[in-house]
Student: 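This structure is in structure tokens; I'll ask about it shortly.
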Number of protein chains: 2
Amino acid sequence: MLFNNPQGFSRGLHHFHHRTAPLPAQEHTPVTLSPGDVMARSTAQRVSTVLRDRIEGGVLPPGTQLSEEALGQDLGVSRNTLREAFRLLVHDNLVEHQLNRGVFVRSPGPADVADIYRLRAALELAGVRAADEAPRALREAVTTAVAEAEWAADDGDWPAVATADLRFHRALAALSGSPRIDATMDRLLAELRLAFHAMPSPRGFHQPFLIRNRTIERFLADGRTDRAEAELTAYLDDARQLIVDTMLENRP
Amino acid sequence: MLFNNPQGFSRGLHHFHHRTAPLPAQEHTPVTLSPGDVMARSTAQRVSTVLRDRIEGGVLPPGTQLSEEALGQDLGVSRNTLREAFRLLVHDNLVEHQLNRGVFVRSPGPADVADIYRLRAALELAGVRAADEAPRALREAVTTAVAEAEWAADDGDWPAVATADLRFHRALAALSGSPRIDATMDRLLAELRLAFHAMPSPRGFHQPFLIRNRTIERFLADGRTDRAEAELTAYLDDARQLIVDTMLENRP
DNA sequence: GGCTAAGATGTTGTTCAACAATCCTCAAGG
DNA sequence: CCTTGAGGATTGTTGAACAACATCTTAGCC
């Protein structure tokens, strides 16, 4: 009975928040926004959010089977609704569906990580190349993300560093101003976070890359997009190689 | 009662055929491949294939509402199964799901086309840039696609030209050797085909671009990737602009 | 007339129960 | 050791039912 009170969903900030600044607090929105409420979400979508949190939080580690009966009873929803939620997670590549066997939390391997970085490179480089003509808000988002990562590093808050690092790279891809690129990038990064779960402590893993993020940001701010491009390419290659090697060491 | 005979599905060749050459006709496959049959597909997947065909074939034009009751009766499947099929189409951006209102065949507008071309550019340029290190089979696929397009043009078979043109650009993106890029590209091109439905006769629309495809292919074969990159960028910009303008003219 | 409010209607959202189809386990048999 | 077959467990699919919502129609009122 987890979903009987409609207010019980405080978690948010997942996919699809492509704004760069907080909204002006709903100026002229009518009080009764019942018909066509854009924010309204079905039960299946809320269930998928809960499962996303559990997966990314490590409660449901990679390889876990998501039993329809057990989970449905746990979350207080029917099997059919749970199935619809599963489809949404399949769309994000967080779980995989095997016919007649069920859905399992994906456990991305080195090949997956390498592939994710290939697509990341394509999207982020496209963003960097479009930086000159990008609106100011998008460029400022890049700078902000770097700064936030550095602040978090000063505090020794490594999870926050990881989050800010990913936000930085998402901001790079977002320079293209393309909703589809944003959505694709979001799904990629969520999958990448899942891959990190199969690795030992990412404690300080991001630290050596912080300075390189700043370097890229500086090149961009100075309009030297070609240098930024080269730096970013090297960055992604190094990160990919480091992760892949680490995964191969710990999972022979 | 469309699904009572399991053989009734002759349609194929849709998404996810990432081979470049026909398979060697199953050499050592055991006769009984029942357990874990990779080709096995659920009812929902088959239904989604049928709907995909009807959408791309124009039987279900953009804007059409896909009623659960009517379609379920027509196809001989239950509402729940049909809903699962809908989710798959939503994933491909061929239909959109509005809460409490149902699913509708998407009708991509000029903004969508422009966005699709942004993502296309990112993926295809990444492929071109990786052409030097790409395996030969992938590079040959590019050449083959251009040739097929030219043959079809000689025969005046414009639908075939359109198909070959899209295959050429998919082959470009596939040079990266990334399954995720391939899948993304497939979804993009399916959506683009849908956008074409809202346009007047694409008769000879692809013709002026045929020579440019050949130009790109030649640059690639000669290892002049930078020239290929420039040509491809110009190509995509021109095509996007032409389509967007045409859409704006015919739909004020 | 034109506007608002209250039904009337049809559709989707969700649940429940049942059955068919498939996979997995494990023990019996060659 | 390998194969074969129950048996049990899980998923795939169906049908019906009810709640929730959107839309259309009608009635009422200024």
Side-chain angles (χ1 to χ4, degrees), chain A residues 1-9 30-51 63-90 95-105, chain B residues 1-9 30-51 63-90 95-105:
Chain A
M1 299 299 188
L2 220 129
F3 294 98
N4 281 353
N5 68 333
Q7 276 76 10
F9 289 88
V31 197
T32 163
L33 57 159
S34 40
D37 186 349
V38 183
M39 272 327 188
R41 312 206 304 174
S42 73
T43 309
Q45 297 179 47
R46 292 179 306 202
V47 169
S48 80
T49 300
V50 172
L51 292 181
T64 310
Q65 176 165 13
L66 274 53
S67 161
E68 296 183 355
E69 188 111 20
L71 259 185
Q73 206 137 7
D74 183 8
L75 300 177
V77 298
S78 89
R79 273 181 63 205
N80 280 320
T81 312
L82 194 56
R83 270 164 155 272
E84 293 216 10
F86 284 164
R87 298 284 183 191
L88 299 176
L89 297 177
V90 169
V95 306
E96 61 183 333
H97 187 145
Q98 302 181 26
L99 189 61
N100 286 322
R101 291 191 20 91
V103 312
F104 301 81
V105 179
Chain B
M1 298 298 188
L2 220 128
F3 294 100
N4 280 353
N5 67 332
Q7 277 76 10
F9 287 89
V31 196
T32 164
L33 59 159
S34 40
D37 187 348
V38 184
M39 272 326 187
R41 311 206 306 173
S42 72
T43 307
Q45 298 177 45
R46 292 179 304 203
V47 169
S48 80
T49 299
V50 172
L51 292 180
T64 309
Q65 176 165 12
L66 273 54
S67 162
E68 297 184 353
E69 188 110 19
L71 258 185
Q73 207 137 7
D74 183 9
L75 300 176
V77 297
S78 88
R79 274 183 61 205
N80 280 319
T81 311
L82 194 56
R83 273 166 152 269
E84 294 217 9
F86 285 164
R87 296 288 183 188
L88 299 176
L89 297 178
V90 168
V95 306
E96 62 183 332
H97 187 146
Q98 301 181 25
L99 188 60
N100 286 321
R101 288 188 26 90
V103 312
F104 302 80
V105 179

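Every chain is numbered from 1 and lettered A, B, ... according to where its sequence line falls, protein lines coming before strand lines. Worth knowing before you read on, the calculation uses all heavy atoms, side chains too, and leaves out hydrogens, waters and symmetry mates.
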Student: Kindly check if the number of other-residue, nucleotide or ligand heavy atoms within 6.0 Å of CD (Glu96(A)) is above 12?
Tutor: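 It does: Glu96(A) CD has more than 12 such atoms within range.
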Student: How many Å lie between CZ on Arg87(B) and P on dT13(D), as a whole number?
Tutor: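 So the CZ-P distance, Arg87(B) to dT13(D), works out to 16 Å.
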Student: I need the CG-P distance between Asn80(B) and dT11(D), as an integer number of Å.
Tutor: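 Value for this atom pair: 16 Å.
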Student: Can you list the residues that meet the salt bridge (charged side-chain N to carboxylate O under 4.0 Å, His left out) rule with Arg83(A), with sequence neighbours excluded?
Tutor: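 With sequence neighbours excluded, Arg83(A) shows a salt bridge (charged side-chain N to carboxylate O under 4.0 Å, His left out) to Glu68(A), Glu84(B), given in chain and number order.
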Student: Mind calculating the distance between CD (Glu84(A)) and C1' (dT14(C)) to the nearest angstrom?
Tutor: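 The answer, rounded to whole Å, is 9 Å.
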Student: What string of B, S and - do you get for nucleotides 5-13 of chain C, 5' to 3', if B is base contact, S is sugar-phosphate-only contact and - is no contact with any protein heavy atom under 4.0 Å?
Tutor: ------SBB
Student: Can you name the side chain to side chain donor-acceptor pair (under 3.5 Å) partners of Ser67(B), sequence neighbours left out?
Tutor: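 Ser67(B) satisfies side chain to side chain donor-acceptor pair (under 3.5 Å) with no residue once adjacent residues are dropped.
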Student: Got a sec, which residues hit salt bridge (charged side-chain N to carboxylate O under 4.0 Å, His left out) with Arg101(A), two or more places apart in sequence or on another chain?
Tutor: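 Arg101(A): no salt bridge (charged side-chain N to carboxylate O under 4.0 Å, His left out) contacts found.
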Student: Rounding to a whole Å, what distance do you find between Gln73(B):CD and dA16(D):P?
Tutor: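 After rounding, the gap between these two atoms is 10 Å.
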Student: Quick one: list whatever passes side-chain contact (heavy atoms from CB on, under 4.5 Å) with Ser42(A), sequence neighbours left out.
Tutor: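 For Ser42(A), the residues satisfying side-chain contact (heavy atoms from CB on, under 4.5 Å) (neighbours in sequence not counted) are Ala44(A), Gln45(A), Leu99(B).
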Student: Which residues satisfy the side-chain contact (heavy atoms from CB on, under 4.5 Å) test with Val95(B), sequence neighbours excluded?
Tutor: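 Once residues adjacent in sequence are excluded, the partners of Val95(B) under the side-chain contact (heavy atoms from CB on, under 4.5 Å) criterion are Ile55(B), Leu66(B), Leu89(B), Val90(B).
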